[in-house]
Protein chains: 2
Amino acid sequence: MTTDVPRRRADARRNEEALLDAAAAAFVAVGVEAPVRDIAVRAGVGVGTVYRHFPTRADLVVAVYRHQVEACVEAGPTCRAETASPYDALVRWIDGFVDFLVTKHGLAGALHGDGSRFEALHAYFLERLVPVCDELLSAAAAAGEVRDDLSGYELMRGVGGLCAGAEDDERYDARRLVAVLLAGLRAGSPGSPRR
Amino acid sequence: MTTDVPRRRADARRNEEALLDAAAAAFVAVGVEAPVRDIAVRAGVGVGTVYRHFPTRADLVVAVYRHQVEACVEAGPTCRAETASPYDALVRWIDGFVDFLVTKHGLAGALHGDGSRFEALHAYFLERLVPVCDELLSAAAAAGEVRDDLSGYELMRGVGGLCAGAEDDERYDARRLVAVLLAGLRAGSPGSPRR
DNA sequence: TTGCTAGGCGGAACAAGGTTCCGTATCGTC
DNA sequence: GACGATACGGAACCTTGTTCCGCCTAGCAA
């Protein structure tokens with residue numbers, strides 16, 4: 001038995017699981033802004049327990065979305081491999097990212113927002129996703145398919161901004177705006193026709 | 001004496017003035033998220049007084065920025081008149097709008113955010129600015145200079161999204177992203193070269 | 001100048017959200 | 001079965017927006 005991680009108590013593991021489930025459910029129902037108390041109640045647990053498992057509200061959010069973020073990370077190389085042009089790969093990847101943002105009620109807003117409240121979440125997203133985006137973006141730039149004066153960070157932040165608060169507003173189609181942005185990306189490339 | 005507005009008491013007028021000044025100062029110093037209590041203190045006034053003059057925090061924000069918004073409204077026709085192509089007029093107007101958003105600490109975020117907290121502000125912006133944007137946009141679309149499947153509302157919301165939280169982040173240049181978006185707008189127009 | 005009163009003022013109090021703390025309960029081992 | 005480490009619950013605290021109400025005073029009339 002080389003489990004050098006000091007095995008946690010059964011109830012602790014059980015509660016963490018319950019919390020993740022409850023939080024996921026709450027986020028779907030109410031959005032990422034769901035109050036900690038509500039999540040605790042859903043999980044049949046006290047608030048103190050929430051904070052033992054997740055130092056901060058944002059950490060809980062990160063935990064809930066972590067595997068989805070990882071999926072997004074892995075989608076990068078996949079898009080790259082399965083698509084002929086680097087630009088199309090980028091578009092496809094961004095599309096998946098938008099899916100993620102728009103699907104999750106209020107995620108983009110939370111990510112974007114004032115920044116202070118979801119710092120941990122924001123930091124995690126950046127850390128994982130920006131390199132992927134950078135990769136796709138510079139490949140497309142190298143191929144002369146898009147302008148090269150934009151960083152992956154900027155692009156992601158822009159897309160995030162366009163998606164923030166997009167759910168529950170039928171007058172606004174975030175996906176269409178993102179498409180326009182991506183078109184603009186291409187438009188500015190050295191080789192693209194101007195005027 | 002045909003002042004049919006029932007003249008308000010001197011102290012009331014004085015306080016409203018003080019509040020507007022204090023709020024403006026607070027917004028510059030701390031951002032639009034400045035707490036009502038702080039603003040009240042700055043103005044040397046009780047919170048109750050704040051709420052008598054401005055039913056809601058957001059109404060205070062609106063009042064502070066009202067004349068700047070109006071300037072933006074008036075800039076619409078001006079840009080239209082002083083610019084040869086409708087597209088350039090649009091670009092120029094949006095540029096002014098971005099100025100406004102980026103200059104004011106956190107305004108874009110407040111406007112954009114979840115929408116619930118700054119409803120009055122949001123509503124006011126929409127009411128005043130969307131028609132102007134619609135005008136410029138449809139003129140450009142009519143001239144075949146930009147795609148015509150986007151509403152002024154969508155464009156403004158998009159621009160707002162791109163600008164949210166742009167101050168205090170030197171890795172992100174909102175203005176550049178907006179430029180990309182506008183380029184994308186043009187790229188998608190019927191007459192524009194594709195491929 | 002003095003009095004009166006409607007309109008205005010201050011700030012305590014309430015609601016809602018995140019976070020902390022600590023007495024108590026439980027798990028897992030001896 | 002006993003005991004110590006671990007985890008739990010939820011009351012309590014902080015911050016923010018908002019409401020409420022008793023007190024005050026500007027402005028008018030006598």
Side-chain angles (χ1 to χ4, degrees), chain A residues 1 3 5-20 22-23 26-27 30-64 106 109-110 113-122, chain B residues 1 3 5-20 22-23 26-27 30-64 106 109-110 113-122:
Chain A
M1 188 68 51
T3 346
V5 278
R7 221 171 96 251
R8 291 154 65 218
R9 264 168 55 169
D11 54 350
R13 267 173 297 146
R14 207 185 320 130
N15 277 327
E16 178 164 337
E17 199 61 35
L19 271 171
L20 285 171
F27 294 165
V30 190
V32 237
E33 312 268 1
V36 173
R37 281 172 182 74
D38 291 1
I39 296 171
V41 169
R42 271 176 193 264
V45 132
V47 265
T49 300
V50 177
Y51 281 90
R52 180 148 340 83
H53 289 285
F54 307 97
T56 266
R57 203 183 163 295
D59 293 304
L60 174 56
V61 181
V62 168
V64 167
D114 50 10
S116 67
R117 225 162 71 208
F118 287 89
E119 245 170 88
L121 179 59
H122 195 240
Chain B
M1 183 73 48
T3 345
V5 277
R7 220 170 95 251
R8 290 155 66 219
R9 268 170 51 168
D11 55 349
R13 265 174 297 145
R14 207 184 320 128
N15 278 328
E16 177 163 338
E17 200 61 34
L19 271 171
L20 285 172
F27 293 165
V30 191
V32 237
E33 312 267 1
V36 173
R37 279 172 184 73
D38 291 0
I39 296 171
V41 170
R42 270 175 193 264
V45 132
V47 266
T49 300
V50 178
Y51 280 92
R52 178 147 344 83
H53 289 284
F54 307 97
T56 266
R57 205 185 161 294
D59 293 305
L60 175 56
V61 182
V62 168
V64 168
D114 49 10
S116 66
R117 221 156 80 201
F118 288 89
E119 245 170 88
L121 179 58
H122 196 240

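None of these values were measured; they are calculated from a predicted model. Residue numbers begin at 1 in each chain, while the letters A, B, ... track the order of the sequences.
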Distance in angstrom units between A:Leu60 CG and C:dG17 P, rounded: 16 Å
Sequence neighbours excluded, which residues qualify as side-chain contact (heavy atoms from CB on, under 4.5 Å) partners of B:Val47? B:Val36, B:Arg37, B:Ala40
Does D:dC8 have its OP1 or OP2 closer than 4.0 Å to a side-chain nitrogen or oxygen of A:Arg52? yes
Would you kindly give the CD1-to-P distance between B:Ile39 and D:dT16, to the nearest whole Å? 11 Å
Would you mind reading off the bend of the helix from C:dT1-D:dA30 to C:dC30-D:dG1 from its two end axes, five pairs each, to 10 degrees? 20°
Closest non-hydrogen atom pair between A:Leu121 and A:Val62, with its separation: CA-CG2, 3.2 Å
In whole angstroms, how far is the C1' atom of C:dG7 from the NE2 atom of B:His53? 11 Å
Between D:dT18 atom C1' and B:Asp59 atom CG, what is the distance in whole Å? 13 Å
Rounded to whole Å, how long is the line connecting atom CG of A:Leu19 with atom C1' of D:dG9? 13 Å
CD-CZ distance between B:Glu33 and B:Phe27, expressed to the nearest 0.5 angstrom: 9.5 Å
Atom-to-atom span, CZ of B:Arg37 to C1' of C:dA15 - whole angstrom: 11 Å
Closer than 3.5 angstrom, by distance alone: can the side chain of A:Asp59 be matched with the main-chain N or O of A:Thr56 as a donor-acceptor pair? yes
When you match A:Val47 and B:Ala12 each to their closest nucleotide on DNA chain C, which lands nearer the 5' end? B:Ala12
Does the side chain of A:Thr49 get closer than 4.0 angstrom to OP1 or OP2 of D:dG9 through an N or O atom? yes
DNA chain C: A:Asp38 or A:Pro55, which has the more 5' nearest nucleotide? A:Asp38
Correct closest heavy-atom pair for B:Glu16 and B:His53 would be OE1-ND1, 3.4 Å
Could you tell me which residues satisfy salt bridge (charged side-chain N to carboxylate O under 4.0 Å, His left out) with B:Asp11, sequence neighbours excluded, listed by chain and number? B:Arg9
Any side-chain N or O of A:Tyr51 below 4.0 angstrom from OP1/OP2 of C:dT20? no
Expected rows: protein N/O vs nucleotides 26-30 of chain C N/O, under 3.5 Å:
{"from": "C:dT26", "atom 1": "O2", "to": "A:Arg9", "atom 2": "NH1", "distance (Å)": "3.0"}
{"from": "C:dT26", "atom 1": "O2", "to": "A:Arg9", "atom 2": "NH2", "distance (Å)": "3.3"}
{"from": "C:dC27", "atom 1": "O4'", "to": "A:Arg9", "atom 2": "NE", "distance (Å)": "3.3"}
{"from": "C:dG28", "atom 1": "OP1", "to": "A:Ala10", "atom 2": "N", "distance (Å)": "2.8"}

Side chain to side chain contact (heavy atoms under 4.5 Å, CB included), paired with A:Phe54, selected from A:Val64, A:Thr49, A:Leu20: A:Leu20
From CG of B:Asn15 over to C1' of D:dT25, roughly how many Å is that when rounded to an integer? 12 Å
B:Ala43: which residues meet the side-chain contact (heavy atoms from CB on, under 4.5 Å) condition with it, sequence neighbours left out? B:Ala18, B:Leu19, B:Ala22, B:Val45
Nearest whole angstrom, please: distance from the P of C:dC9 to the CD of B:Glu17. 13 Å
Residues forming a side-chain contact (heavy atoms from CB on, under 4.5 Å) with A:Ala26, sequence neighbours excluded: A:Ala34, A:Ile39, A:Arg42
